[in-house]
2 protein chains.
Amino acid sequence: MEEGTSKSPGHTGVTHPAQACGDGTHGHAPGEGCDYDARQWDVREGCEVRQILDRVADKWSLLVIALLDRRTLRFTELRREVDGISQRMLTVTLRQLERDGLVRRTVHPVVPPRVDYELTPLGATLHDTIQALVTWTEVHQSEIAEARAAYDRRERE
Amino acid sequence: MEEGTSKSPGHTGVTHPAQACGDGTHGHAPGEGCDYDARQWDVREGCEVRQILDRVADKWSLLVIALLDRRTLRFTELRREVDGISQRMLTVTLRQLERDGLVRRTVHPVVPPRVDYELTPLGATLHDTIQALVTWTEVHQSEIAEARAAYDRRERE
DNA sequence: CGGGATCCCGCCTGATACTG
DNA sequence: CAGTATCAGGCGGGATCCCG
């Protein structure tokens, strides 16, 4: 993999040139200027990279993607497998992922309704990255547990 | 801090007793490649993997770790670089990361006070993973922007 | 079954004041 | 500078009802 879209070698400033960059909320018309040297990614709020990062680095999105990476799932199946998610958040998350082109939603015109969710090719490219995160978590589980215990012990005294 | 040391489950009520969900039924190969069977990672709410994942897959945590991965930073520097974070959330995030053993907090007994934050060796092991996520985001920026535009166009009609 | 609409509570932000 | 304490306000997200 390469370093993304960075091209100009010399410039590293990017403190906070201005606001510009669009609103921080989710609804935002793409195509607005927001491109700057991302090599020094101090990533201002509302910028595309931050928007996407906020989506991908979201607990629900991550879990949904990881599950869909195994196989196509229906709404209720996802609801059951993503333990703890509310129906609303599952809907919202899936819609966002669909909008981002990471998940394809297929409605079968049958009764009772049947809707399948699956990763798009783009979404599938997240596999390695997400899996790496999950693997890291599993591998370092005990170390973190220890660190927490130590911290709490220190705090309590 | 009014939220206590251990993040109270609050809205994501932990219904299950936090018993070990890494029940040893899926031994994985820690090393390289995702060659272990990822098709079976049980992620019940409240289990350790989920707790850690929820922390690591958090927008603020991710940004803070990524920044500290470049160099040691002081509180105010972080506040300035992580655009959009409130002082409270920065404090909370840093405390969580410190508790998890990912970040080391060093208080220098000088006046005015000086507190440095840096990644621990454990935290540093997240570098590749986090960087992969950031890189992925940068690489696929335009594709996602297109997907969003297409989706919005479809919706509006 | 899938999901839109609604109510509602608690977290987060932002502003401000106060310590060490 | 690096926080902690507090209050206001917005909204994210859970729970529930209900319809196609």
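Only a predicted model underlies this, so the values are computations on that prediction, with no experimental measurement involved.
Atom P of nucleotide dG4(C) and atom CE of Met89(A) are separated by 14 Å, given to the nearest angstrom. Atom CZ in Arg95(A) sits about 11 Å away from atom P in dA5(C), given to the nearest Å. Rounded to whole angstrom, the span from the NZ atom of Lys59(A) across to the C1' atom of dG12(D) amounts to 12 Å. Taking atom CD on Gln96(A) and atom C1' on dG12(D), their separation rounds to 11 Å, with Å as the unit. Note: CG (Asp58(B)) to P (dG12(D)) measures 15 Å, nearest angstrom. In this entry the distance linking CD1 of Ile85(A) with P of dG3(C) reads 13 Å, nearest Å. Atom CZ in Arg88(B) sits about 14 Å away from atom P in dG10(C), given to the nearest Å. One atom, NE2 of His108(A), and another, C1' of dG3(C), lie 16 Å apart when rounded to the nearest Å.
Closest to the side chain of Ser86(A), from the set dC1(D), dA2(D), dG14(D), is dG14(D).
No donor-acceptor distance shorter than 3.5 angstrom exists from the side chain of Thr137(B) to the backbone of Ile52(A), with no hydrogens or angles considered. With hydrogens and angles disregarded, no donor-acceptor distance shorter than 3.5 Å links the side chain of Asp100(A) to the backbone of Ile144(B). Side-chain atoms of Glu143(A) do not come within 3.5 Å of backbone N or O of His140(A) as any donor-acceptor pair.
Distances shown here put every side-chain N or O of Tyr117(A) at or beyond 4.0 Å from the OP1 or OP2 atom of dC1(C). OP1 and OP2 of dC11(C) both lie 4.0 Å or more from every side-chain N or O belonging to Trp60(B). An OP1 or OP2 oxygen of dA2(D) is reached within less than 4.0 angstrom by a side-chain nitrogen or oxygen of Arg74(B).
Looking at heavy-atom distances under 4.0 Å, Arg105(B) makes contact with sugar-phosphate atoms alone, never a base.
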Between Met89(B) and Val64(B), does the side-chain contact (heavy atoms from CB on, under 4.5 Å) criterion hold? Intermediate values first, please.
CA-CA 11 Å; Met89(B) 275 318 286; Val64(B) 166; over 6 Å; no
Walk me through whether Ile130(A) and Asp69(A) qualify under side-chain contact (heavy atoms from CB on, under 4.5 Å).
CA-CA 10 Å; Ile130(A) 300 242; Asp69(A) 191 51; over 6 Å; no
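Evaluation of atom-type donor-acceptor distances gives a pair under 3.5 Å for the side chain of Gln87(B) against the base of dT4(D).
Along DNA chain C, the nucleotide nearest to Pro113(A) and the one nearest to Thr91(A) differ in position, and the one closer to the 5' end is contacted by Pro113(A).
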